[in-house]
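What follows is a single structure, written as structure tokens, with notes after it.
Values below: every heavy atom of this structure, side chains too, minus hydrogens, waters and symmetry copies. Below, chain A is the first sequence line, B the second, and so on; all start at residue 1.
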Protein chains: 2
Amino acid sequence: MPHAQKPTVQHIRDALENAIVDGKFLPGERLDPEALAMRFGCSRTPIREALQALEGSGLVSVRAKRGTFVTKLGVPELAERFEVMAELEAMCARLAARRASPPEIETIRAAQAACMRAVTTGDSDAYYYENTAFHHAIYAASRNAFLEAEALRLQAMLQPYRRRQLQSRGRMKRSLEEHQTIVDLIAAGEADAAAAEMRNHVVIQGDRFHDLVASIRMADA
Amino acid sequence: MPHAQKPTVQHIRDALENAIVDGKFLPGERLDPEALAMRFGCSRTPIREALQALEGSGLVSVRAKRGTFVTKLGVPELAERFEVMAELEAMCARLAARRASPPEIETIRAAQAACMRAVTTGDSDAYYYENTAFHHAIYAASRNAFLEAEALRLQAMLQPYRRRQLQSRGRMKRSLEEHQTIVDLIAAGEADAAAAEMRNHVVIQGDRFHDLVASIRMADA
DNA sequence: ATATCACATGTTGTATACATCAAAACTTGA
DNA sequence: TCAAGTTTTGATGTATACAACATGTGATAT
């Protein structure tokens, strides 16, 4: 990931986004433009532009004359974003139920099968990866490219906080069952039910909310 | 609007956004960085950064080595965005019905009253302005700042296409009635009904869709 | 001892010069 | 006359130098 042959702004942006989403930079951490310029073998200018693009998608916050930092969301900000995310994903599921082509449904089922394998082997990293693939497949099946892009953007924004959340075996198994219900409803064309199920799957409430708050308090220390 | 005392990037961004949304630059039109630098009394650098920020919010498209242009959306892209917009606004209405404080409801009612005055005087420009104020008031009443920001962003993106759409007296009156229904449902706390009504108010379908397509075809000429 | 002010420092924001590349214009050959 | 290759042109993308400003540090006065 350090530096490719021609590190264009787009490449830098993607590399930094992946690094942040994958947790290689932690929320609140400062991103030093000069160090990054060194790493990517270019000047500060493309780095600066990449960072500003990331600010636009909400992943970093540029504080004037003070530095750019990985966005660190507090509990209220996170709650707001999860609320919107639940609605966007519900919309994806609703549209997918109405519009998904057989190959798209097959892709979703394949992702679900991969999740299942990860659960049986107990590989939580693999589950994490396949889980996002599952959701992305549903975004795509909505056949609304703009909606898909918005969902991807918001998902990237929330990913750093979801990462360590709920590595408990119980949650993985529960999540898998919810996935199955969602797939079946989409395949059956039950748009409203699929949307409702997805909303419940994504929204953070009850114990999961308190788990999230606890993990944030821990990260702050 | 030309140039203020200290044209910081944020100011330039806002000025350009307003100019685009207000139709002073038409979709597809090229934005010349040097000319803008002259107008704002600065170098190309801040202009460039402002344009990139606008690209992030979808208002302009930067085509590498070819220039930056006001985003010109085709019919399919517009349909996708209106579909998402309808859902976001429906969500705003739902949350507003559940959470709006009395002063917030009063603000919405005031905006609606202003719309009504515009209809009686037949001032379609004023109606246009007050109509956006009405919608913005509902975004704010959702008490979800992130949702509000997303709705504002998408609304700015669609504004250039809504502008000349439906200046017919019939549509204005119909729109006003729908507004009234929405306000009443929000005030009554009827969350689901308010959401459904708002979705229908925003979504483009039937004759309105064909009107939109026609206006785009006309603008292309 | 403490609070305030001035200054030093390091960072980002802006200007400008240069490199790079896409499209158009021109030349040359058939 | 037309087509293909080449050159030219004009724009954007990048590098670097400089300016502006927020923060931290130290001195001084109370």
Rounding to an integer number of Å, can you tell me how far [X] [atom1] sits from [N] [atom2]?
| X | N | atom1 | atom2 | result |
| --- | --- | --- | --- | --- |
| H11(B) | dG13(C) | NE2 | P | 14 Å |
| E49(B) | dT12(C) | CD | P | 13 Å |
| I47(A) | dG13(C) | CD1 | P | 15 Å |
| Q52(A) | dT14(C) | CD | C1' | 12 Å |
| I12(B) | dT14(C) | CD1 | P | 7 Å |

Next on the checklist: My understanding is that only residues two or more places apart in sequence, or in another chain, count here; which of them pass ring pair (Phe, Tyr, Trp, His ring centres under 6.0 Å) with H201(A)?
Outcome noted: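 With neighbours one apart ignored, the set is H135(A), H179(A).
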
Checklist entry - Which residues satisfy the ring pair (Phe, Tyr, Trp, His ring centres under 6.0 Å) test with Y127(A), sequence neighbours excluded? => result none

Checklist entry - Got a sec, which residues hit salt bridge (charged side-chain N to carboxylate O under 4.0 Å, His left out) with R143(B), two or more places apart in sequence or on another chain? => result E104(B)

Checklist entry - By side chain to side chain contact (heavy atoms under 4.5 Å, CB included), which residues pair with A156(A), not counting sequence neighbours? => result E17(A), V21(A)

Distances under 3.5 Å only, N/O to N/O: pair up the protein atoms with those of nucleotides 8-12 of chain D.
unit_1  : atom_1 : unit_2 : atom_2 : d
dA11(D) : O3'    : R30(B) : NH2    : 2.9
dT12(D) : OP1    : R30(B) : NH2    : 3.0
dT12(D) : O3'    : K65(B) : N      : 3.2

Checklist outcome for this item: CD (Q52(B)) and CD (Q52(A)) are apart, to the nearest 0.5 Å, by 7.0 Å

Checklist entry - S43(B) side chain N/O closer than 4.0 Å to the phosphate oxygens (OP1, OP2) of dA15(C)? => result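 The answer is yes; a side-chain N or O of S43(B) sits under 4.0 Å from OP1 or OP2.
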
When the side chains of residues 57-66 of chain A are checked against the rest of the protein, which donor-acceptor pairs come out under 3.5 Å, sequence neighbours left out?
unit_1 : atom_1 : unit_2 : atom_2 : d
S57(A) : OG     : L54(A) : O      : 3.2
S61(A) : OG     : T71(A) : OG1    : 3.0

